[in-house]
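Report on the structure given below.
Numbers here are sequence positions counted from 1. All values reported here derive from a predicted model rather than from experimental measurement.
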Amino acid sequence: TLVLAAGCGGNGGTDSVKTPFKPVTNTTSLDYEIKTLSGSSKPVTIQWVGKQTFNNATWDQFQTTYPVSEGIKTVDIFGRLEGSEGVTIAGYRSTYPAAAAGKDHTLTLDQPVSVDTTKIPVGVQQETVAGGTLELGDGTPPITGRVKARYTKTTADATVESRFGTVSGVQIYEGDVTLEDAAGSDLVDAFKGQTATGRIWFHPTLGVLKVEVDDWPIGAAMTGEHDCGDPNASDYNTIQKVGLLSPEAPEFVLSSHDCSGEYDADKERHAQMLLELRWADEAKALTPDQPMVNVEFSTMWGTFPFSLLSSPVSIFHPEENGQGFTYWYAFVNEAAKNEPGDNGIMYQVKVNFPDYMTSHVRATARVRYPIYRP
């Protein structure tokens with residue numbers, strides 16, 4: 001492997017990558033594994049795709065995609081983020097592949113529903129009533145209904161097990177949803193008065209970690225999250241990612257090219273790249289054992305040298321500090337002036353899970369790279 005020579009001079013900017021993981025914004029993509037009514041599990045990605053008119057108002061459009069046997073099903077959720085811990089939902093539109101048996105449909109809420117977790121006290125039950133109209137794409141009469149949700153924030157700082165391993169600073173919500181009224185369909189009418197109970201695990205930075213529903217084989221668990229910042233910025237862009245390395249998901253990549261779709265990083269100026277590793281298993285995270293994954297800081301043609309060092313504190317996840325976990329860090333602050341060819345390259349962090357390992361590893365990375373504009 002060609003080892004690239006470092007560029008000289010300053011770091012090319014004042015913003016450091018050595019700060020806590022940035023909370024969810026409109027540039028964040030979320031990856032989940034969901035359980036469906038059939039009992040199967042499916043990978044789901046949620047990402048902001050722009051603004052759209054829905055029910056005579058302009059909303060942010062968050063697109064959810066997941067595979068079905070006939071192709072890709074899409075659910076567009078219309079609403080907006082209210083800071084990092086609040087959301088407003090106006091409705092959604094579900095679209096199936098052409099050959100699928102499922103019916104396209106749109107749910108429009110009578111009034112948008114807002115939730116702000118910062119204003120919900122611990123131990124005080126909240127109640128929300130929402131009505132709406134479900135329109136099917138086959139021309140059948142619309143279905144109307146009303147649901148009531150009752151929920152309580154049972155704790156604001158829990159340490160829980162997630163797909164990322166042990167996570168601290170988690171808010172837990174427990175409650176139930178009741179279909180109070182329904183009209184327009186015998187099937188929906190049959191569920192009138194039925195109540196479903198469950199729990200939601202919410203992290204102020206990462207978002208919804210997990211959803212469980214009692215007596216129903218449905219739920220969701222976050223498996224990864226990444227943020228591409230603003231690839232159209234004029235000078236520098238900052239991207240970040242967190243994910244779980246396992247035999248089922250053996251590769252973790254954070255790349256400027258993947259975010260922008262272009263080889264548009266400037267090889268003449270420094271990029272800052274920071275990687276944090278931690279055993280997902282709490283017992284192993286309490287040991288000084290190093291995760292023997294394969295780490296690479298690279299461009300298109302070569303790699304940068306680095307050292308992987310242990311630390312008793314987390315830069316990206318400071319809410320975990322004080323619990324005795326060991327974190328492993330590598331930091332690169334380099335340019336790629338010796339990269340062959342014209343300017344316009346990529347900077348990336350890559351981690352691979354070796355075949356002989358079984359214990360899962362959480363990886364968190366951030367890259368702040370200079371943008372090349374010819």
Side-chain angles (χ1 to χ4, degrees), residues 1 4 12-13 15 17 21-22 24-33 43-50 62-67 72 74 164 206-207 222-246 248-267 269-277 293-304 306 316 330-336 339 341-353 361-374:
T1 302
L4 301 176
D15 293 341
V17 296
F21 202 73
K22 186 177 70 173
V24 172
T25 69
N26 280 352
T27 59
T28 306
S29 295
L30 307 173
D31 296 320
Y32 287 90
E33 181 180 275
V44 167
T45 298
I46 305 173
Q47 59 186 339
W48 181 84
V49 295
F62 300 93
Q63 191 166 88
T64 301
T65 55
Y66 65 90
I72 300 296
T74 300
F164 297 124
L206 298 174
M222 181 182 285
T223 58
E225 177 178 316
H226 67 277
D227 194 310
C228 282
D230 180 11
N232 295 316
S234 60
D235 195 17
Y236 276 81
N237 186 33
T238 300
I239 59 180
Q240 65 177 20
K241 182 175 182 178
V242 61
L244 192 72
L245 286 153
S246 69
E248 297 75 29
E251 185 174 76
F252 173 96
V253 179
L254 178 62
S255 162
S256 63
H257 175 266
D258 289 348
C259 277
S260 69
E262 304 287 344
Y263 292 102
D264 58 357
D266 188 347
K267 71 179 185 179
R269 295 185 289 162
H270 282 223
Q272 298 177 334
M273 295 176 275
L274 179 66
L275 171 68
E276 175 196 286
L277 301 172
V293 293
N294 301 311
V295 176
E296 180 183 286
F297 293 83
S298 60
T299 65
M300 293 182 292
W301 293 101
T303 62
F304 295 103
F306 67 91
F316 285 129
F331 176 64
V332 168
N333 183 8
E334 301 283 6
E339 182 97 341
D342 297 332
N343 204 345
I345 64 169
M346 73 171 180
Y347 290 104
Q348 72 173 5
V349 180
K350 181 185 291 187
V351 187
N352 287 104
F353 194 82
V361 176
R362 185 186 72 191
T364 311
R366 180 179 289 127
V367 174
R368 183 175 187 270
Y369 66 93
I371 298 175
Y372 172 67
R373 301 294 186 207

Quiz item: Which is it for Asp227 and Ile239 under the side-chain contact (heavy atoms from CB on, under 4.5 Å) test, yes or no, and what are the steps along the way?
Solution: CA-CA 6 Å; Asp227 194 310; Ile239 59 180; over 6 Å; no
Is any side-chain heavy atom of [Y] closer than 4.5 Å to one of [X]?
X      : Y      : answer
Phe306 : Val295 : yes
Val242 : Arg362 : yes
Glu225 : Val24  : yes
Val351 : Glu251 : no
Phe62  : Gln47  : no
Val253 : Asp258 : yes

Quiz item: Strictly by modelled atom types, are Ser260 and Glu262 linked by a side-chain donor-acceptor pair under 3.5 Å?
Solution: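 Not at all, the side chains of Ser260 and Glu262 share no donor-acceptor pair under 3.5 Å.
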Quiz item: Are a donor atom and an acceptor atom from the side chains of Glu296 and Thr303 found within less than 3.5 Å of each other?
Solution: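 Note: Glu296 and Thr303 side chains miss the donor-acceptor criterion.
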Exercise. Let me see the working for Arg366 and Glu276 under salt bridge (charged side-chain N to carboxylate O under 4.0 Å, His left out), right down to the final yes or no.
Key: CA-CA 9 Å; Arg366 180 179 289 127; Glu276 175 196 286; over 6 Å; no
Practice problem: For Arg368 and Asn237, run side-chain contact (heavy atoms from CB on, under 4.5 Å): C-alpha distance rounded to whole Å, both residues' side-chain angles, the deciding distance at 0.1 Å, then the answer. | Solution: CA-CA 6 Å; Arg368 183 175 187 270; Asn237 186 33; over 6 Å; no
Roughly how far, to the nearest 0.5 Å, is [atom2] of [Y] from [atom1] of [X]?
X      : Y      : atom1 : atom2 : value
Tyr66  : Thr64  : OH    : OG1   : 9.0 Å
Phe316 : Lys241 : CZ    : NZ    : 13.5 Å
Phe252 : Thr364 : CZ    : OG1   : 6.5 Å
Phe331 : Leu275 : CZ    : CG    : 12.0 Å
Ile46  : Ser29  : CD1   : OG    : 9.5 Å
Ser246 : Phe353 : OG    : CZ    : 6.5 Å

Quiz item: Considering the options Ile345, Asn343, Asp235, which one meets the side chain to side chain contact (heavy atoms under 4.5 Å, CB included) requirement together with Asp266?
Solution: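 So, applying the side chain to side chain contact (heavy atoms under 4.5 Å, CB included) to Asp266 and each of Ile345, Asn343, Asp235, only Asn343 qualifies.
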If you take all heavy atoms of [X] and [Y], which pair is closest and at what distance?
X      : Y      : value
Pro67  : Pro43  : CD-O, 3.4 Å
Gly229 : Thr27  : O-CG2, 3.4 Å
Phe304 : Ala336 : CZ-CB, 4.1 Å
Ile371 : Arg269 : O-NH2, 2.9 Å
Ala233 : Arg373 : O-NH2, 2.8 Å

Practice problem: Give the intermediate values and the outcome of side-chain contact (heavy atoms from CB on, under 4.5 Å) for residues Val367 and Val17. | Solution: CA-CA 7 Å; Val367 174; Val17 296; over 6 Å; no
Practice problem: Could you give me the CA-CA distance, side-chain angles and deciding distance for Gln348 and Phe297, then say whether side-chain contact (heavy atoms from CB on, under 4.5 Å) is met? | Solution: CA-CA 6 Å; Gln348 72 173 5; Phe297 293 83; over 6 Å; no
Practice problem: Using side-chain contact (heavy atoms from CB on, under 4.5 Å) as the criterion, list what pairs up with Tyr263, not counting sequence neighbours. | Solution: His257, Met300, Met346
Practice problem: With sequence neighbours excluded, tell me which residues meet side-chain contact (heavy atoms from CB on, under 4.5 Å) with Asp31. | Solution: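 Here the qualifying residues are Thr45, Thr223, His226.
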Practice problem: Would you confirm whether the ring centroid of Tyr369 sits within less than 6.0 angstrom of the ring centroid of Tyr347? | Solution: no
